[in-house]
Amino acid sequence: MQTTTTMAARTEGASKIYGTGDTEVRALDDVSIGFNPSQFTAIMGPSGSGKSTLMHTLAGLDPLTTGKTFIGDVELGSLSEKDLTLLRRQKVGFIFQAFNLIPTLSAIENITLPVDLAKGQIDKAWVDNVVKTVGLADRTSHRPDELSGGQQQRVAVARALASKPEIIFADEPTGNLDSKTGGEILDFMRSAVRELGQTIVMVTHDAVAASYSDRVVFLADGKIVDEMANPTADAVFDRIKNLGD
Amino acid sequence: MLNLTLRGLLKNKIRFLLTSLAVVLGVTFVVAAFVVTDGLRSTFTQVSSDIYSTQDFNVRGTGENDFERSPVPGELVDQITAIPGVTNVSGYVEADQTYPIDDDGETAEPFGPPRFGISWSGNPIDNFLLLEGEGPDEPDEFALDQNFFDDFNFTIGETYSVISEAGGLEEFTLTGTFRFGIEEEVSVGPVFVAFEPETAQRFLGLPDQFQEIAIAIDPSANADEVQSQIDALLPADAAVITGEEAAEEFVEGFAGFFSAFRAILLTFAFVILFVSAFLINNTFTIIIGQRIRELGLLRAIGATGRQVRQSVLIEALAVGLVSTVLGTIFGLGAARVLIWILERFGASFPDGPLPLELRTIIWALVVGVVVTMVSAYIPARKAAKVSPMEALSETGGLEEARSGRRSIIGGLVALAGIAGTLFGLFGSFDEATPRLIVLGIGAVLSFIAVAILSPLLVKPVVALVGAPISAFGARAGKLATSNASRSPQRTAGTAVALTIGLALVSTVTIIGASLKSTVSDALSNTVTADYIVTAFGQLPEGVVDEVAALPEIGDLTVFAGDDAMIGGEEIYVEGLDFTTITSLINADLSEGSYDNSGDQTVLFRDYAEELGLGVGDTLEITFPTGTTQGFTISGIFDDNTFFDNVSIDFADYQKYFENDEVGALIASGADGVSPEDARAALDGSLDLYPQLSVQDQAEFLAETEGQIDQLLAIINVFLGLSVLIALIGIVNTLTLSVFERTRELGLLRAVGMTRRQIRRMVRWESVIVAVFGAVLGIGLGVLFGWAISDAIPDDIVASPTFPIGQLIIFVIAAVIVGLVAAILPARRAARLNILDAISS
Ligand SMILES: Nc1ncnc2c1ncn2[C@@H]1O[C@H](COP(=O)(O)OP(=O)(O)OP(=O)(O)O)[C@@H](O)[C@H]1O
Ligand SMILES: [Mg+2]
């Protein structure tokens, strides 16, 4: 058992129900799970199993129907819309599958956007370090439409890292990329966890992608059905087959 | 295809509404303009036919209008009465500028409706209805129009002083009140002071004469025969016409006014439509840009470019039709608002129905449908050219016209526009109408050029305007700035309505300011006299002598004037007092002098040059009396602000025109008399003439400026409507942009942009677009104002004046327009559901 105080994020009995009556969908069904700091967690499961919903509720983008979610020690249900936004920009980083960037901003402006929005001081050395780590040093003044898909995702990773959030949520960050480019991105994410101490929760359908993580959580029908530590691609693949994906 | 278009329309109700709004407003204004003028005319026609319905024949002097008609002899009434078949005859006189003084010693000032003195026959044929008391039937009695009682205190039975131009001041006892008209509530404007007929003739200056004789006949009598019998009695300069003819004549007398009024309203309507057209064009362009994928898909599955174009045009047709219907309905309401606004500015309208004529509906359709279709044509053509691949590609969007081609086309249109404007301003025209048409075309082309060229200015200007906003507005400000310049065509298309509106408003404001500064310069440079005495019409007899006799008043000159013939042309000749004029007005007499020895004249330099005459030469003037007299040119002046081309000494004026009517006089206080004393003496002696206005320079200036300001205010209220359209345009674009950037907004929210920051971002973008439009518009306005001021003759506008303060206020107003326009789109953007937005 982990002690709750050290968790980067966690849920307690989280349930999310969409719709009512006949159209009712139980996207999350009494999920209790915690994410340790400096750990890279992959969430897997069949389509519609509630992966995105779990992430969204954890990030405060979507309220739970019942149960609680925490970022660090902060319980999200008690926060106002505004406090949630402030919490997101200070403590949460996001990487989506696509359309991660604001088209009118340059790469570097996209990276520093959350810090800018908070009118915070940009930690120049840190940002430089991040930019260099993701290999974008010579691309910072480019607009998103001047970057390849892989480069765009790297910018997104850099942005998520730049504000030194407590946790980063990534929803199929490599879903749109070829396996080589995807592998590079996943490498960055893993080194962010290992070397920079980041906490990352990533949704993926890809067993290879999951193998970059420290821990895989399997969801089905809104419930956690299994877990695996230090996964390999083959082990994950087997497990998925058994789950009947 | 049609089915698809219509379904698309119904699905996107907001989009549909936004597009329609601009058209609706344009149609609304056109309909209102027609309805108001039709209503005015029909009420007026109704009233005049009612007035004349009681008479079968009307006898009055021949001549085009009231001013040219001489009165008919009074004895005609008895002679006509004696004709068999005639049942009722009544003679009528009237004279304007007749004022009673009320219980509080207040005179009915010559402002507001005209005050007419009239004869009271008591005969129902005259259409005056007694309301209270009795009609005046003794020489010392009078009755008053009930309208006097709104603003003044009179009591029946009391004795009051009444002033008329011809009769001076006299006392009469008030016997009763009445009003004019057939129906209960009809009033045609003037208010009346009634006297018994003989008294009216005497007091109003038409002894033993009538201006009109109303005649009713027995229905069984032979009307033609009666008419010819009446005709036989009449002197050469009088005629008999039927009651209907009299009614038509009465209405015709105002036809010019009606058509001018309609032309003015339609001009404003045109401005609004013109501005709306840009807005519709812009909205369609944006919408088609957003639908590019849908259109590309249609093309991919086999729709031809023609079908795609048609589907856009059908959408435009639907927008046009719906807008026409709505605009027509709103137009009927707006007509009431228009009347209300004009009445706030002092116009008076008769109450009456506002008819919606077929012609109005046809115009509404033309305007609503045609303008929409024309505005949508270019976007429709672009849509047809969309290639399936282009549309389905990730970055699909309408390609903006390349700047090279844009500058060439825009430059050509601009050249044509400038040429038209300059030709309209400085070219020689015989009449005002073709000049205005050329000017209008020039202006329209110039604005189209602005619309074509302004996208090229978006990036630099937005960078400039956005700089302080980026600095001040932090990240939201920076994002707003880059949003404003990400699609130059969209930003420019949105701003162009404001550009046009503010260009017009600032042009008018600059001309107005130039007009005012010219008057005030002229007054301080040219006029050295202290007081100006004017009347509506001529000064009453004796006034000049009375003022001249005041010991507190020093130099004085009259201003008289009438037409005479010089070299076969009708020329206005002015009569001035050559003895005193130099000490009262400095007209830059650069050669010679004002010679009061008789038969001398001074000329304006341009006119003298035109005639090829100089000092010492002789100028022959033929007066209306038939006399021709040679005048020696004694001087030539350069400043014609206050003088006309030809002036002669007033003594000669009286002699040759055989007329001593004077339009105004100017005077100075006597030496050693304080201004207060001189003014008090002047006011005291003119107390009995309420129709006179006595003003010192400052008051004269204030009044003139006030009149100019009032005119400017009316014009700007209507031009301001185009700013309202501009506002709607900004709302349109922002709403569509917010819709288009849904995913981006969701992302911003997800990474920590607060709702407040989102709102601020949209608001700043809106302000930048508005300020862009304002800067361009005011810049154009300055150019136009400068060119027009230059084109106006120097005696009206000497040099352009730029009211910087007001122009800055316009920029501030634009900022406010931007802020207001952003309210709804900003709220929409801030309320977006983040999850829906990012997964969209
Ligand atoms: N806004 C919503 N309204 C109604 N139902 C929803 C909504 N969002 C998600 N759902 C439903 O909730 C369930 C879980 O959805 P979720 O998006 O979390 O699945 P997922 O595991 O991320 O699937 P995928 O792998 O396809 O992305 C699904 O059945 C989905 O249809
Ligand atoms: Mg998902």
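Numbered from 1 within each chain, the chains take letters A, B, ... in sequence-line order.
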> Quick one: do B:Arg760 and B:Glu765 make a salt bridge, cutoff under 4.0 Å?
Replying inline: no

Worksheet item: Have A:Asn100 and A:Gln152 got a donor and an acceptor in their side chains that come within less than 3.5 Å?
Response: no

- Going by an N to O cut-off under 4.0 Å, is there a salt bridge joining B:Glu744 and B:Arg486? yes

Between B:Ala821 and B:Ser766 the two heavy atoms that sit nearest each other are CB-OG, 3.9 Å

Note to self: Is the shortest side-chain heavy-atom distance between B:Ser407 and B:Leu456 below 4.5 Å?
What the structure shows: yes

Expected contact set for residues 169-179 of chain A against chain B at heavy-atom separation under 4.5 Å reads none

Q. Between A:Arg89 and B:Thr754, does any side-chain donor sit less than 3.5 Å from a side-chain acceptor?
A. no

For A:Leu84 and A:Gly60 the tightest heavy-atom approach is CD1-O, 3.8 Å

Applying a strict 4.5 Å limit to non-hydrogen atoms, the region of A:Leu101 in contact with chain B is backbone

_Less than 4.0 angstrom from a charged side-chain N to a carboxylate O is my criterion; do A:Lys223 and A:Asp30 meet it?_
no

Residues 105-114 of chain A vs chain B, non-hydrogen distance cutoff under 4.5 Å, contacting residues -> A:Leu105, A:Glu109, A:Leu113, A:Pro114

When the 4.5 angstrom heavy-atom criterion is applied to B:Arg741 and chain A, the contacting part is neither

Smallest heavy-atom separation, A:Leu76 atom then A:Thr57 atom, equals CD1-O, 3.8 Å

Output for pair (A:Ile168 CD1, A:Arg159 CZ), nearest 0.5 Å, gives 10.5 Å

The interface call for A:Glu81 against chain B, heavy-atom contacts under 4.5 Å, is side chain

Taking 4.0 angstrom as the limit, do A:Asp128 and A:Lys132 come out as a salt bridge?
no

